[in-house]
There are 2 protein chains.
Amino acid sequence: MGWLKAYDPGSYPPFAVTVDLVLLTVQQEELSALVIKRAEPPFKGRWALPGGFVRPEEDLSAAAERELTEETGLSGEMVHLEQLASYGTPDRDPRMRVVTVAYLALTPNLPVPTAGGDAAYARWSPVGELLEVPRRLAFDHHRILSDGLERARAKLEYSPLGTGFCQPEFTVAELRQVYEIVWGTPLDPRNFHRKVTGAPGFLTATGQTTTRNGGRPAQLYRRGDTSVLYPPILRREPEPFV
Amino acid sequence: MGWLKAYDPGSYPPFAVTVDLVLLTVQQEELSALVIKRAEPPFKGRWALPGGFVRPEEDLSAAAERELTEETGLSGEMVHLEQLASYGTPDRDPRMRVVTVAYLALTPNLPVPTAGGDAAYARWSPVGELLEVPRRLAFDHHRILSDGLERARAKLEYSPLGTGFCQPEFTVAELRQVYEIVWGTPLDPRNFHRKVTGAPGFLTATGQTTTRNGGRPAQLYRRGDTSVLYPPILRREPEPFV
DNA sequence: CCAAAAGTGTTCTTACTACACCCATGG
DNA sequence: CCATGGGTGTAGTAAGAACACTTTTGG
């Protein structure tokens with residue numbers, strides 16, 4: 001009631017729809033997110049997640065991939081880009097009613113982006129610093145980044161997406177460091193090794209070895225072909241679920 | 001890069017934003033979803049998920065709760081209503097560009113809804129029938145319902161939300177039947193009993209018993225106060241994660 | 001007494017933790 | 001030859017699966 005009437009074309013309240021990206025990477029022993037310096041009000045001079053309007057004939061996921069490519073040069077086939085959640089509080093943008101659909105991607109260590117030719121335009125910032133203070137980020141991006149972080153942490157348990165943080169070829173120790181940084185917990189190297197090499201389809205050995213981390217040469221692996229990790233790599237204490 | 005310029009107020013492409021609800025319940029040994037018969041084109045006469053426009057000053061979750069109350073009489077405090085995902089393919093509604101934010105709720109067995117006074121307006125339909133054929137539901141609601149079903153199944157493993165399908169006071173066997181119906185797998189009654197009574201905070205005993213299911217009297221329980229199930233109640237073979 | 005459902009106990013197996021120990025390189 | 005990290009072996013423990021068995025009602 002009211003539904004059918006309101007659903008009449010031409011009589012609906014207009015919204016702006018954007019996509020925002022939570023792009024995470026691991027660099028210098030820290031988990032970082034890509035942020036953009038806002039050049040215009042509102043929140044002029046503050047950092048914000050990259051994002052932009054969905055175009056009139058564009059799918060949501062296509063808009064997210066386009067933004068990803070614009071900001072990082074990565075294509076949608078190269079990284080796993082997944083929908084995170086949508087945010088639409090009426091006052092989240094002071095200018096107009098905006099609903100944003102947030103996407104999450106875990107990317108390998110990239111060169112510092114300089115889209116727009118402005119060195120101060122975009123940068124990777126440690127997630128810990130960005131979330132330290134609730135209002136450090138523009139709009140409701142603190143919330144979005146928090147949600148993205150929690151999703152990324154959970155994904156590492158049950159999916160092989162942690163490899164997305166690594167170079168195409170990586171050692172078990174490099175992968176373990178990713179887990180340790182994202183979860184903020186030390187993991188037993190020996191048990192971790194057994195778990196990841198034992199999970200079918202997670203890793204495929206290249207046959208090559210490397211000594212780039214010192215010590216005995218380590219096997220190099222590539223990401224395997226599975227999308228599920230079984231058995232999962234579990235954190236000690238699971239976080240609240242909802 | 002186009003972003004700042006396009007983000008200028010007044011120059012954004014207008015969208016309609018709706019919320020759609022995946023309301024699931026268990027009745028007569030079947031998992032069912034609430035569907036509405038469409039009275040107007042497009043998809044006139046077809047079944048669709050309940051939903052409607054987000055109002056100009058309304059939060060997304062508030063819109064979902066309002067729709068929930070309109071369709072079922074349930075309030076947002078009574079049931080757990082969670083955001084599922086957003087869908088915005090350009091051609092998903094032939095009349096205009098619509099982005100919908102889907103919400104999921106697991107509800108107890110309710111009387112057949114008759115909102116609008118029309119008995120044919122809304123009903124509970126078995127999910128299996130609704131998903132049998134890809135185009136049985138209007139718009140992209142097949143996809144949305146599939147996603148909601150998969151989310152509900154996953155939720156039962158790690159959260160106590162399965163109790164949402166039960167009456168306020170229920171027996172372990174009644175809860176087990178919910179799991180069996182949602183997952184489509186038989187579960188060992190004895191091991192299930194141990195798991196759910198052993199998971200801290202999942203169930204609180206009322207001290208009452210009932211013989212309404214025949215046999216030896218069974219303890220009655222209420223939903224406990226935890227939001228995480230540890231240890232989880234696992235299905236045999238986990239589904240692909242992404 | 002018997003059927004039916006509730007609930008407990010027991011055994012086997014899997015997977016995790018912790019940690020001892022050996023391996024292969026660079027310096 | 002030794003420091004460093006890579007990798008395997010093993011013992012103890014937590015939790016799941018399968019299933020025998022006891023308990024308590026209704027008829």
Side-chain angles (χ1 to χ4, degrees), chain A residues 29 156-158 166-167 169-181 183 185-222 226 228-238, chain B residues 29 156-158 166-167 169-181 183 185-222 226 228-238:
Chain A
E29 324 254 313
L156 292 205
E157 294 195 312
Y158 299 99
C166 299
Q167 303 304 318
E169 303 203 341
F170 52 88
T171 68
V172 171
E174 288 162 0
L175 181 61
R176 175 169 50 83
Q177 218 203 359
V178 162
Y179 274 77
E180 291 179 331
I181 289 169
W183 285 348
T185 339
L187 299 171
D188 185 295
R190 299 155 294 185
N191 293 335
F192 184 84
H193 186 279
R194 229 183 325 241
K195 284 194 199 181
V196 297
T197 54
F202 188 14
L203 303 179
T204 52
T206 62
Q208 307 288 101
T209 61
T210 181
T211 57
R212 64 191 180 210
N213 304 309
R216 171 177 165 180
Q219 273 287 335
L220 279 170
Y221 292 90
R222 261 190 287 271
T226 190
V228 206
L229 228 52
Y230 192 82
I233 321 281
L234 295 174
R235 290 176 277 183
R236 289 302 152 81
E237 291 296 311
Chain B
E29 324 253 313
L156 292 204
E157 295 195 313
Y158 299 99
C166 299
Q167 302 304 318
E169 302 203 342
F170 53 88
T171 68
V172 170
E174 288 163 0
L175 181 62
R176 175 168 50 84
Q177 218 203 359
V178 162
Y179 274 77
E180 291 179 332
I181 289 169
W183 284 349
T185 338
L187 299 171
D188 185 293
R190 300 155 294 186
N191 293 335
F192 184 84
H193 187 279
R194 231 184 322 243
K195 283 192 198 180
V196 297
T197 54
F202 188 14
L203 303 179
T204 51
T206 62
Q208 307 289 101
T209 61
T210 181
T211 58
R212 64 192 181 208
N213 302 311
R216 170 175 165 181
Q219 274 287 337
L220 279 170
Y221 293 90
R222 261 191 286 273
T226 190
V228 206
L229 227 52
Y230 193 80
I233 321 282
L234 295 173
R235 290 176 278 183
R236 288 305 151 82
E237 290 297 310

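No hydrogens, no waters, no symmetry mates; every other heavy atom, side chains included, goes into these values. Letters A, B, ... mirror the listed sequences (proteins, then strands); counts begin at 1.
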Legend entry - Smallest separation among heavy atoms of P200(A) and Y230(A), with atom names: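 Distance-wise, the nearest heavy atoms are CD-O, 3.1 Å.
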Legend entry - side-chain contact (heavy atoms from CB on, under 4.5 Å) between T210(A) and F170(A), intermediate numbers included: CA-CA 9 Å; T210(A) 181; F170(A) 52 88; over 6 Å; no
Is there a side-chain contact between [X] and [Y] in this structure, where contact means two heavy atoms from C-beta onward sitting under 4.5 Å apart?
| X | Y | answer |
| --- | --- | --- |
| Y179(B) | V196(B) | no |
| T204(A) | Y221(A) | no |
| R176(A) | P189(A) | yes |

Inset, instruction - Assign a letter to each nucleotide of nucleotides 9-14 of chain C from its 5' end: B, base within under 4.0 Å of a protein heavy atom; S, sugar-phosphate only; -, no contact. - result: BB----
Inset, instruction - Carefully, step by step, assess Q177(B) and E29(B) under the rule side-chain hydrogen bond (donor to acceptor under 3.5 Å, both in side chains). - result: CA-CA 8 Å; Q177(B) 218 203 359; E29(B) 324 253 313; 2.8 Å; yes
Legend entry - Whole angstrom value for the distance that separates C1' of dA20(C) from CG of D188(A):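 After rounding, the reported distance stands at 12 Å.
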Inset, instruction - For K195(A) and dA18(C), give me the distance from atom NZ to atom C1', rounded to whole Å. - result: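 Roughly 12 Å, once rounded to whole Å.
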Tell me if a side-chain donor or acceptor on [X] pairs with a main-chain N or O of [Y] at a distance below 3.5 Å.
| X | Y | result |
| --- | --- | --- |
| T171(B) | Q219(B) | no |
| E169(B) | L220(B) | no |
| E157(A) | P232(A) | no |

Produce the list of close N/O pairs, under 3.5 Å, pairing protein atoms with atoms of nucleotides 3-6 of chain C; give distances to one decimal.
from: dA5(C); atom 1: N3; to: R216(B); atom 2: N; distance (Å): 3.4
from: dA6(C); atom 1: N3; to: R216(B); atom 2: NH1; distance (Å): 2.9

Legend entry - Outermost DNA chain D nucleotides near chain A [under 4.0 Å, heavy atoms]: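 From 5' to 3', the first and last contacting nucleotides are dT4(D) to dT10(D).
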Legend entry - side-chain contact (heavy atoms from CB on, under 4.5 Å) between N213(B) and E174(B), intermediate numbers included: CA-CA 9 Å; N213(B) 302 311; E174(B) 288 163 0; 3.2 Å; yes
